Structure formats: structure tokens, C-alpha cells
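One structure is given here, and the rest of the page talks about it.
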Amino acid sequence: MTKIFAHRGSAGTHPENTMIAFYEAERVGADGIELDVQLSKDGQIVVIHDETIDRTTDGTGWVKDFTYRELQQFNAVYKFADQYDVCRIPLLEEVLAWICSTTLLLNIELKNSLIAYETLEQKVIDMIRHYGLEDRIILSSFNHNSMALCRSLAPNIETALLYMESLYDPWKYVRVMRADGLHPYHRTVTEPFVRQARHYQIAIRPFTINQEPLMEKMFQYGVDAIFTDYPRNAKNIRENKKTP
Ligand code: G3P
Ligand code: MG
């Protein structure tokens, strides 16, 4: 059955990449959570999508220029200020500590395309190992060099390649990259593509699937998982469908 990953938590209804968005994902019965990580000035792994804090908090500036303590001063309530009071930018560690008490899967997207964050891969892997979560985590990135590095640093943690445009001979590429999955922009996903992926035993998890007809289509194709800002809607649709 196609799994449902809450994208940035339940980002359609709660402030993205915050603990309340993650709690909500669990509450509505998502199978997993997707979140994005960057490094603060003092080398802490923080959960935030953009390289700057401008869009999702009441501050401005680069994540890399603030210590974690400084980042804590900003309110990450984003566009949900009328519903929630103060939300902090979480540490990856807080999320992992909490995930241990759940059965959720977790996709950690390394946001290291614009800024290389030299030590990010090793730090993330060390933290996953510290919590013994190797079996429940998928690492992904648009930076495929970073995924190659993760694969060599931690052969037992799943890796997946994010991309926007369709790839030429993706199956050969995945083999060369020694990746376990592809996380494509949904427009590139067709039924034959999903069939081939199954043949090659490559997991396909398209993003970001928010419209209900698109959810239906992806469930019908039998993708391994979808990323959605609306996990509750996706669950309702999946439960009324016969999925492969
Ligand atoms: O990991 C899937 C999706 O999150 C990738 O795009 O920009 O939402 O991080 P973005
Ligand atoms: Mg992401």
C-alpha cells in the first residue's frame, strides 16, 4: 500500500517543520514525516526548509549565521499566527527523540544544494545512529553528491535522489549512485515509470501531492509513498480506494 508522508509535517494545516506539525502528522495517522535540515552557525542540525529564516519566521538572515540559541528567539509560526502562538525552529535531535516513541518513518531531506554545509552528512548520520533509527530513516537530497557520500558513510541507511526533471535512463543512474529510491517531482511520474521502478526494486516517492485527483492517481499507480501537506485528506482518499 502506498505510504503517506506528511510533508514538512502537516504543512497544509500547521506551521511547517515545527513540532506541532509533526505531532499532527502522527495524530492523523500518517505513515511517515518528511522534514528539511540545515546547519546553524554553531553546527547544530536545525529543521527548516529555506537557507534563510525570512519566509517562515519573524526574523531575517541566513540560518548559517545564527547560533541555535539565537535561532530559538524567532517565531516560526509562519502563516498560522492566528491559530498558534509561538513555535520554535526544532533541532533534528528533538524530532528523533520523539520519533523513537512512535512508529513513524522519517525522511530527512538534506538542504545542501545552495550551501554545502561540509559536515552535515556525518552529523546527521551520527545522530541517527545515536538514536538507533537506521531502519526507519530515508535520507534524501537534490544534491546527489551528498547522497553518494551518505551511502558510503552509512551503507545501511536508505538514500533517495530528489529531482525536478525526468532523468535519462534512471535505472542505470540509480545503480551507479547505489541509491534505494527516487523522489521525483510528480509531473515526471507515469504509470509505466512506476511499473519499471517496481521491476528494478526502486522505491518511488513523488512530491508534493496536495490535490485530491493527483492523490488518487498516485495511489492508482501504486507509488511507494507520497509526500503531502494534507496527510489526513490523503488517508481518507487512500482508505476509500483499492490500492495495489
Ligand atoms: O522531499 C520532498 C520535497 O520536500 C522536496 O521539495 O522544496 O518541498 O523540500 P521541498
Ligand atoms: Mg523537503
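Start at 1 with the first residue, then count along the sequence. The shown structure was predicted, so the numbers you read here are calculated from the model rather than taken from an experiment.
- Side-chain contact check for Asn210 and Thr208: no donor-acceptor pair (N or O, by modelled atom type) lies under 3.5 Å.
- Defined by atom type and a distance below 3.5 Å, a donor-acceptor pair is present between the side-chain atoms of His144 and Tyr173.
- For the residue pair Tyr131/Glu93, the side-chain donor-acceptor check at 3.5 Å is satisfied.
- Contact check for Val63 versus Thr52: no side-chain heavy atoms found under the 4.5 Å cut-off.
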Checking Asn112 against Glu121 for the side-chain contact (heavy atoms from CB on, under 4.5 Å) test, could you report, in this order, the C-alpha distance in whole Å, the side-chain angles of both residues, the deciding distance, and whether it holds?
CA-CA 9 Å; Asn112 51 3; Glu121 293 89 350; 3.4 Å; yes
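- The number of heavy-atom neighbours closer than 6.0 Å to CZ of Arg232, taken from other residues, nucleotides and ligands shown, is 12 or below.
- Cluster membership for Phe227 and Leu106, using ILVMFWY side-chain heavy atoms within less than 4.5 angstrom, is not shared.
- Between Phe74 and Phe66, the ring planes are perpendicular. Angles over 60° get that label, and only those under 30° would be called parallel.
- By the criterion of side-chain heavy atoms lying less than 4.5 angstrom apart, applied directly or through intervening Ile, Leu, Val, Met, Phe, Trp or Tyr residues, Val95 is not grouped with Val28; the two fall into different hydrophobic clusters.
- Ring geometry for Phe207 versus Phe142: interplanar angle over 60°, hence perpendicular rather than tilted (30 to 60°).
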Going through the checks in order, is the side-chain hydrogen bond (donor to acceptor under 3.5 Å, both in side chains) test met by Arg55 and Tyr78?
CA-CA 7 Å; Arg55 180 178 61 87; Tyr78 182 36; 3.1 Å; yes
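- In plain terms, the two heavy atoms of Asn107 and Ser140 that are nearest each other are ND2-OG, 3.1 Å.
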Stepwise side-chain contact (heavy atoms from CB on, under 4.5 Å) test for Glu16 and Thr56
CA-CA 8 Å; Glu16 66 176 58; Thr56 55; 3.5 Å; yes
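- If you check the side chains of Asp229 and His7, you find a donor sitting under 3.5 Å from an acceptor.
- By the 4.5 Å heavy-atom criterion applied to side chains, Tyr163 and Tyr185 are not counted as neighbours.
- Residue Asp135 holds its CG atom at 11.0 Å from CD1 of Ile128, rounded to the nearest 0.5 Å.
- Side-chain atoms of Trp62 and Glu51 form no donor-acceptor pair, as typed in the model, at a separation below 3.5 Å.
- The cluster map of Ile, Leu, Val, Met, Phe, Trp and Tyr, joined by side-chain heavy atoms under 4.5 Å apart, puts Leu96 and Phe5 in different clusters.
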Please walk me through it: do Lys235 and Asp31 pass salt bridge (charged side-chain N to carboxylate O under 4.0 Å, His left out)?
CA-CA 10 Å; Lys235 255 203 106 187; Asp31 302 294; over 6 Å; no
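- Dense packing is recorded around CD of Glu191, with more than 12 heavy atoms of other residues, nucleotides or ligands lying under 6.0 Å away.
- Within the 4.5 Å cutoff, side-chain heavy atoms of Gln38 are placed close to those of Tyr117.
- Between the side chains of Thr60 and Asp54, no donor-acceptor pair of N or O atoms lies under 3.5 Å.
- Between Ala179 and Thr159, the shortest heavy-atom contact is CA-OG1, 3.4 Å.
- The nearest pair of heavy atoms linking Asn17 to Pro90 is O-CD, 3.1 Å.
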Residue pair Tyr84, His14: steps toward the ring-ring contact (aromatic ring centres under 6.0 Å, His included) verdict:
CA-CA 9 Å; Tyr84 306 101; His14 290 67; 5.3 Å; yes
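- No more than 12 heavy atoms of other residues, nucleotides or ligands shown are found within 6.0 angstrom of CG on Asp85.
- The closest side-chain heavy-atom distance from Pro170 to Phe193 is below 4.5 Å.
- Contact record, Thr2 with Ile226: CG2-N, 4.1 Å, taken as the closest heavy-atom pair.
- Using modelled atom types and a 3.5 Å distance limit, the side chains of Gln196 and Tyr200 yield no donor-acceptor pair.
- Summarising the local packing, CD of Gln122 is surrounded by more than 12 heavy atoms from other residues, nucleotides or ligands at distances under 6.0 Å.
- Using a 4.5 Å heavy-atom threshold, the side chains of Leu35 and Ile108 count as touching.
- Within 6.0 Å of CZ on Arg69 lie no more than 12 heavy atoms contributed by other residues, nucleotides or ligands.
- To the nearest 0.5 Å, atom CG of residue Asn236 and atom CE of residue Met215 are 9.5 Å apart.
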Evaluate the criterion salt bridge (charged side-chain N to carboxylate O under 4.0 Å, His left out) for residue pair Glu109 and Lys111; output intermediate values, then yes/no.
CA-CA 6 Å; Glu109 182 188 343; Lys111 280 288 182 207; 2.6 Å; yes
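- Phe219 pairs with exactly one of Asn240, Leu214, Ile4 by the side-chain contact (heavy atoms from CB on, under 4.5 Å) rule, that one being Ile4.
- The shortest heavy-atom contact between Thr18 and Arg88 is CG2-O, 4.1 Å.
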For Glu158 and Arg205, run salt bridge (charged side-chain N to carboxylate O under 4.0 Å, His left out): C-alpha distance rounded to whole Å, both residues' side-chain angles, the deciding distance at 0.1 Å, then the answer.
CA-CA 13 Å; Glu158 265 193 58; Arg205 305 182 191 94; 3.2 Å; yes
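- How far CZ of Phe80 is from SG of Cys87: 10.0 Å, rounded to the nearest 0.5 Å.
- Here CG of Asp36 is found 8.5 Å from CG of Asp50. Values are rounded to the nearest 0.5 Å.
- For the atom pair Leu104 CG and Ile33 CD1, the distance stands at 5.0 Å (nearest 0.5 Å).
- In the hydrophobic clustering of this structure, Leu149 does not group with Ile138; members are Ile, Leu, Val, Met, Phe, Trp, Tyr whose side-chain heavy atoms approach within less than 4.5 Å, directly or through other members.
- Here the CZ atom belonging to Arg151 is positioned 10.0 Å from the CE atom belonging to Met177, to the nearest 0.5 angstrom.
- Taking all atoms of both residues into account, the shortest heavy-atom contact from Met147 to Leu110 is CE-CD2, 4.3 Å.
- Residues Ile202 and Leu162 do not share a hydrophobic cluster, defined by chaining ILVMFWY side chains whose heavy atoms lie under 4.5 Å apart.
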